[in-house]
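Everything on this sheet refers to the single structure shown next.
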4 protein chains.
Amino acid sequence: MSSPRDRIIEITFDLFAKQGYNSTGINQIISEAGVAKASFYLHFKSKEDLCVEFLKVRHQYWFNELYTFSSGTNDLPERLIRAFDFLIEMNKKENFRGCSFLNILSEIPVDNVKILNVIQSHKADLRNYFLDMLKDEVLSDHIYMLFESSIIESQLFRSNELIEKSKKIITNLIP
Amino acid sequence: MSSPRDRIIEITFDLFAKQGYNSTGINQIISEAGVAKASFYLHFKSKEDLCVEFLKVRHQYWFNELYTFSSGTNDLPERLIRAFDFLIEMNKKENFRGCSFLNILSEIPVDNVKILNVIQSHKADLRNYFLDMLKDEVLSDHIYMLFESSIIESQLFRSNELIEKSKKIITNLIP
Amino acid sequence: MSSPRDRIIEITFDLFAKQGYNSTGINQIISEAGVAKASFYLHFKSKEDLCVEFLKVRHQYWFNELYTFSSGTNDLPERLIRAFDFLIEMNKKENFRGCSFLNILSEIPVDNVKILNVIQSHKADLRNYFLDMLKDEVLSDHIYMLFESSIIESQLFRSNELIEKSKKIITNLIP
Amino acid sequence: MSSPRDRIIEITFDLFAKQGYNSTGINQIISEAGVAKASFYLHFKSKEDLCVEFLKVRHQYWFNELYTFSSGTNDLPERLIRAFDFLIEMNKKENFRGCSFLNILSEIPVDNVKILNVIQSHKADLRNYFLDMLKDEVLSDHIYMLFESSIIESQLFRSNELIEKSKKIITNLIP
DNA sequence: CATGAATGAGGTTTCATTCAT
DNA sequence: AATGAATGAAACCTCATTCAT
């Protein structure tokens with residue numbers, strides 16, 4: 001059996017993504033991880049600290065999945081389309097729970113800089129992901145914004161409709 | 001002095017928009033509204049009910065402000081640009097708190113259909129707002145998605161940068 | 001049966017005096033008072049608040065008992081002696097638990113002004129009690145200090161020895 | 001670098017005197033001493049044990065300082081006055097934190113005999129300090145009590161006023 | 001229509017101590 | 001002799017909601 005710390009992170013990964021930050025209590029985490037409460041606080045200074053750790057793990061996981069999903073082609077438009085198909089895949093896997101980073105952004109007080117920084121950093125990386133591919137800041141940000149909307153609107157309407165529409169739109173945008 | 005119900009709604013309007021749904025407790029609401037606890041539950045079956053009411057009021061308010069801000073021109077591109085300028089105005093007024101509807105979407109459990117419906121309805125109206133103007137579903141959804149991203153990204157980065165970029169992009173999109 | 005608030009105060013009165021401030025938890029108080037936790041916080045903003053309330057009640061009680069015990073004579077030396085006999089009485093009744101005010105003074109952080117003020121106020125009243133009787137500040141403070149020591153030393157040694165010695169001393173001090 | 005045990009004692013000496021017994025956690029002690037948790041319990045059976053050790057070290061320290069401060073004169077009244085001036089010096093050095101022994105007396109449960117004995121022993125030594133000087137039990141206990149009050153009242157009122165008053169009083173007491 | 005007291009369930013965090021290595 | 005992870009129990013406090021009046 002894995003270490004308490006690992007079990008906490010594993011369970012947190014599931015619960016935060018599924019239920020959100022505020023709806024997931026320490027009690028549920030330690031209970032499902034089979035860990036004593038004091039053990040939790042041995043490894044994480046606070047729930048906020050756990051959140052930062054979660055976001056970092058999620059960041060790793062999410063980009064890994066994206067890379068894996070998009071690899072296998074060097075065709076630029078194809079790679080872009082695959083990024084959006086990745087969203088469809090994630091919606092299927094996670095039942096339209098949207099973006100953990102944006103969800104937590106909505107849950108934290110405006111002055112929580114520690115968490116905000118991690119979220120900003122994640123999205124900055126995503127912006128760069130598109131910029132690296134397209135080498136055109138206006139175009140890449142354009143697509144980044146369609147990508148972000150695609151996540152949110154599919155979460156809102158529990159549907160991939162606008163993701164599909166985005167795919168069509170960007171097909172026409174790319175030279 | 002206005003009725004207890006009105007005072008509750010008025011205060012809720014401020015607090016939910018400013019602090020979010022979960023961070024605003026019933027106690028704070030009734031205390032700032034100067035209303036007894038039981039009086040609150042006389043007018044609202046639950047906090048969820050109040051949330052629905054809040055979203056309806058917010059819906060009214062938000063579209064009124066948008067209409068007011070966009071009126072005064074019949075030029076199509078100009079009206080579109082003004083919609084985005086309205087976001088800048090709101091960010092200034094509400095300190096980059098983002099969209100109350102999307103924020104609450106992130107805060108509620110996935111199975112809360114009652115609230116979800118109100119949020120979906122609001123965003124459907126917004127989609128129609130652009131569709132009515134543009135009469136082209138692909139184009140209007142395209143702009144709708146840029147609009148949604150503009151809200152979220154400005155909330156995330158506490159900056160109007162991507163709103164301004166969107167304005168430039170749509171200028172080139174409109175025939 | 002009395003109100004929850006009264007039961008809380010009654011139980012607190014016993015527990016704080018018997019066990020001290022830090023050794024008495026909210027859980028024990030509400031459990032012995034037969035009151036829900038939220039009911040406690042309905043009436044007291046915090047444990048610190050309860051402490052202030054306790055000290056005020058204790059202040060009332062203690063001076064009432066002192067007055068009662070010392071009444072029945074107008075002879076000055078006799079009244080003074082009775083004040084010290086009152087300490088013996090209290091030690092018997094409360095098993096040498098000493099002074100609640102001084103005990104709590106030792107338990108709070110140095111910067112807790114709210115509680116400190118109440119304690120200072122109590123002791124200032126006691127100093128004035130002797131000053132009013134003796135009309136001589138040096139003499140009254142002299143006796144006040146013997147009185148304070150009498151409390152503490154009897155608590156420390158679980159004995160009335162130094163109270164008795166103080167009685168002999170002040171008999172020689174009074175003209 | 002000194003041994004873990006010594007570092008623990010050194011840090012404890014500072015923290016217990018500054019923050020009190022209950023407000024100082026084992027975690028803070030080992031963290032500031034740079035010692036592992038288990039190493040602590042290797043040297044001390046319990047926090048209570050550490051407390052006993054602390055009181056013994058404090059006892060040594062306190063009397064040493066008192067002797068040092070009072071030496072340099074063989075004049076009896078002068079030596080007595082210096083004892084009270086020593087209190088003023090300690091208040092200055094330790095910011096009116098009072099007597100560690102009496103503070104801990106207030107913090108421990110009434111039935112903690114182990115710690116109680118050490119405190120009683122310290123104060124018995126202090127009583128003997130005055131008795132050895134004065135050879136008159138009534139007078140020495142009289143002054144001992146003024147001394148004890150002086151400590152406590154200066155802690156309570158964050159002022160040396162009653163110490164100064166005690167000095168005047170005892171000047172008149174000594175033949 | 002209005003009230004304020006009362007609640008059960010849960011929140012996050014910290015305590016002194018022990019165990020396996 | 002030394003360690004750091006793990007713990008059960010308890011700390012103080014807040015949540016949305018209901019009840020008796």
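Naming convention: chains lettered A, B, ... in sequence-line order (proteins, then strands); numbering from 1 in each chain.
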(message) Can you tell whether the side chains of Glu32(A) and Lys18(A) come within less than 4.0 Å, N to carboxylate O?
(response) no

(request) Flag the pair Lys47(A) and Glu107(A) as a salt bridge only when some basic side-chain nitrogen lies within less than 4.0 angstrom of an acidic carboxylate oxygen. (result) no

Write down the distance between [atom1] ([X]) and [atom2] ([N]), rounded to a whole number of angstrom.
X        : N       : atom1 : atom2 : result
Arg5(B)  : dC1(E)  : CZ    : C1'   : 14 Å
Ile30(D) : dA2(F)  : CD1   : C1'   : 13 Å
Leu50(A) : dT13(E) : CG    : C1'   : 14 Å
Phe44(A) : dT14(E) : CZ    : P     : 15 Å
Ile26(D) : dT7(F)  : CD1   : C1'   : 16 Å
Asp49(D) : dT18(E) : CG    : P     : 12 Å
Glu48(B) : dC15(F) : CD    : P     : 18 Å
Ile8(B)  : dC1(E)  : CD1   : P     : 13 Å

(message) ring-ring contact (aromatic ring centres under 6.0 Å, His included), that's the test. Do Tyr61(D) and Phe13(D) meet it? Break it down for me.
(response) CA-CA 10 Å; Tyr61(D) 166 80; Phe13(D) 185 80; 5.1 Å; yes

(request) With a 4.0 Å heavy-atom cut-off, tell me which residues in residues 11-23 of chain D come close to DNA chain F, sorted by residue number. (result) none

(request) State the dot-bracket string of DNA chain F. Criteria: Watson-Crick or G-U wobble, both atom distances under 3.5 angstrom; notation: ( ) intrastrand, [ ] crossing earlier pairs, | interstrand, . unpaired. (result) .||||||||||||||||||||

(request) Select one nucleotide: of dC19(F), dC15(E), dA2(F), the one nearest the side-chain heavy atoms of Ala38(B). (result) dC19(F)

(request) From the options Ile9(D), Leu42(D), Val35(D), select the one residue that forms a side-chain contact (heavy atoms from CB on, under 4.5 Å) with Pro4(D). (result) Val35(D)

Side-chain N or O of [X] versus OP1/OP2 of [N]: is the shortest distance under 4.0 Å?
X        : N       : answer
His43(C) : dA6(E)  : yes
Tyr41(A) : dT13(E) : yes
Asn27(C) : dC12(F) : no
Ser39(C) : dA5(E)  : no

(message) What I want to check is whether the side chains of Gln155(C) and Asn103(C) have a donor and an acceptor closer together than 3.5 Å.
(response) yes

Side-chain donor or acceptor of [X] paired with backbone N/O of [Y] under 3.5 Å:
X        : Y         : value
Gln19(A) : Pro109(B) : no
Asp6(D)  : Ser2(D)   : no
Glu48(B) : Ile115(B) : no
Arg58(B) : Ser100(B) : no

(message) What's Lys37(D) touching, base or sugar-phosphate or nothing? Going by heavy atoms closer than 4.0 Å.
(response) base

(request) Name the nucleic acid region contacted by Leu42(D), choosing base, sugar-phosphate or nothing; use a 4.0 angstrom heavy-atom cut-off, strictly under. (result) base

(message) Once you measure the plane-to-plane angle for Phe101(C) and His122(C), does it fall in the parallel (<30°), tilted (30-60°) or perpendicular (>60°) bin?
(response) parallel

(message) If you assign each of Thr24(A) and Phe40(D) to its closest nucleotide in DNA chain E, which residue comes earlier from the 5' end?
(response) Thr24(A)

